[in-house]
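Working notes, beginning with the structure itself.
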Protein chains: 2
Amino acid sequence: MTDIEKRKYDELARISKALAHATRLYIIHKLDEQEYCVKELTEMIGADISTVSKHLTVLKNAGIIIDKKRGNCVYYKLQCRCVLSMFSCLTNVIDSNKDKMNFT
Amino acid sequence: MTDIEKRKYDELARISKALAHATRLYIIHKLDEQEYCVKELTEMIGADISTVSKHLTVLKNAGIIIDKKRGNCVYYKLQCRCVLSMFSCLTNVIDSNKDKMNFT
DNA sequence: ACGTTGTTTGGCTATTTGACCAAATAGGCA
DNA sequence: TGCCTATTTGGTCAAATAGCCAAACAACGT
């Protein structure tokens with residue numbers, strides 16, 4: 001693996017690491033519907049608000065979501081909807097596994 | 001998050017965790033070209049062979065690659081090429097970040 | 001200015017992950 | 001059988017991750 005390649009795959013991994021958590025995938029799914037503030041997401045998720053805030057920071061640092069302060073609250077929304085295609089990718093893998101199972 | 005949802009996102013996360021490593025993304029990329037055995041991949045990657053073997057196990061458990069013993073060697077290949085679309089997803093996010101940068 | 005609500009940050013602990021080495025295992029082939 | 005090559009497994013250690021709590025911040029309304 002050359003240095004160039006190394007850097008390229010590190011960068012790709014940086015994004016995919018941000019996606020590698022059930023809560024963060026859930027957040028992305030929710031933010032696809034509409035914007036939500038931290039408190040609202042926290043209620044839906046059912047974890048400590050500081051935990052949710054940190055997950056949101058991870059997604060923001062990966063450039064997947066973006067925040068916007070409005071009044072008292074910080075609203076988050078998807079920065080690029082292209083991450084949604086990730087869901088179909090993941091689902092494809094899962095389904096394809098199931099298919100393979102059936103042959104055995 | 002309902003129990004059903006919890007289980008769904010855990011499952012999606014299970015796959016995305018398997019993708020969340022530069023070396024594993026590199027392996028996927030390489031296996032897209034052709035089958036390779038552990039030793040060959042190890043040489044390309046430049047890590048300990050046991051490390052590479054473990055990465056391959058992770059990918060195999062996620063149903064992303066599949067192994068096939070031939071003679072003395074274990075060859076790995078992509079189980080479902082649909083993971084390749086993951087690369088364009090990740091690249092999209094990165095590019096979209098770059099685009100956003102340019103506006104600031 | 002003060003209290004209230006919403007959010008982030010820092011600190012701590014527990015768990016998971018990734019790397020290497022050494023040892024065990026598996027399959028050819030002499 | 002015994003050696004050799006290829007691969008996996010187990011152990012250990014360091015680093016990263018995720019969770020919660022408490023404290024700090026920020027912005028609103030009184």
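Computed over heavy atoms, backbone and side chain alike; hydrogens, waters and symmetry mates excluded. In what follows, every chain begins at residue 1, and chains take the letters A, B, ... in the order their sequences are listed.
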Can you tell me how far CG of Leu56(B) sits from CD1 of Ile27(B), rounded to the nearest 0.5 angstrom? 4.5 Å

For the residue pair Tyr9(A) and Phe87(B), does the interplanar ring angle fall in the parallel (under 30°), tilted (30 to 60°) or perpendicular (over 60°) class? perpendicular

As a test of understanding, state which of Val83(A), Leu84(A), Ile65(A) forms a side chain to side chain contact (heavy atoms under 4.5 Å, CB included) with Leu31(A). Ile65(A)

Taking CD from Glu43(B) and C1' from dT5(D), how many angstroms apart are they, rounded to a whole number? 12 Å

Using the rule given for salt bridge (charged side-chain N to carboxylate O under 4.0 Å, His left out), can you reason through Arg70(B) versus Glu35(B), listing the C-alpha separation, both sets of side-chain angles and the distance that settles it, and then say yes or no? CA-CA 12 Å; Arg70(B) 202 162 61 229; Glu35(B) 298 185 2; 3.3 Å; yes

Electrostatic pair Glu11(B):Lys8(B) at N-O distance under 4.0 angstrom: no

In this structure, how many angstroms lie between the C1' atom of dA6(D) and the CG atom of Asp48(B), rounded? 13 Å

Starting at the 5' end of DNA chain D, which residue's closest nucleotide do you reach first, Lys69(A) or Ile49(A)? Ile49(A)

Report all interatomic pairs (protein N or O, nucleotide N or O of nucleotides 10-17 of chain C) with separations under 3.5 Å.
residue	atom	partner	partner atom	Å
dG10(C)	O6	Lys54(A)	NZ	2.9
dG11(C)	O6	Lys54(A)	NZ	2.9

Could you tell me whether Asp10(B) and Lys6(B) have a side-chain N and a carboxylate O separated by less than 4.0 Å? yes

Does a side-chain N or O of Tyr36(B) approach OP1 or OP2 of dA6(D) to a distance below 4.0 Å, or not? no

Rounded to whole Å, CD of Glu35(A) lies from C1' of dG6(C) at a distance of 16 Å

Does a side-chain N or O of Thr51(B) approach OP1 or OP2 of dG18(C) to a distance below 4.0 Å, or not? no

Rounded to whole angstrom units, what separation is found between the CG atom of Asp67(A) and the P atom of dG6(C)? 17 Å

Determine yes or no for a side-chain-to-main-chain donor-acceptor pair under 3.5 angstrom, with Ser16(B) supplying the side chain and Leu19(A) the backbone. yes

Lys39(A) has its side chain closest, among dT8(D), dG6(C), dG19(D), to dG6(C)

Roughly how many Å is it from OH in Tyr75(A) to P in dC28(D), rounded to a whole number? 12 Å

Taking the minimum atom-to-atom distance to the side chain of Cys73(B), which one of dC21(C), dG6(C), dA6(D) wins? dA6(D)

Which part of the nucleic acid does Tyr76(A) contact within heavy-atom distance under 4.0 Å: base, sugar-phosphate only, or nothing? sugar-phosphate

Can you measure Lys68(A) atom NZ to dA27(D) atom C1' for me and round it to whole angstrom units? 18 Å

Tell me the interatomic distance from Tyr26(A), atom OH, to dA18(D), atom C1', rounded to whole angstroms. 19 Å

Residue-phosphate contact under 4.0 Å: His55(A) side-chain N/O, dG19(D) OP1/OP2: yes

For Arg14(A) and dA16(D), give me the distance from atom CZ to atom P, rounded to whole Å. 16 Å

Counting side-chain heavy atoms from CB outward, which of dT8(C), dT5(D), dC20(C) is closest to Asn72(B)? dT5(D)

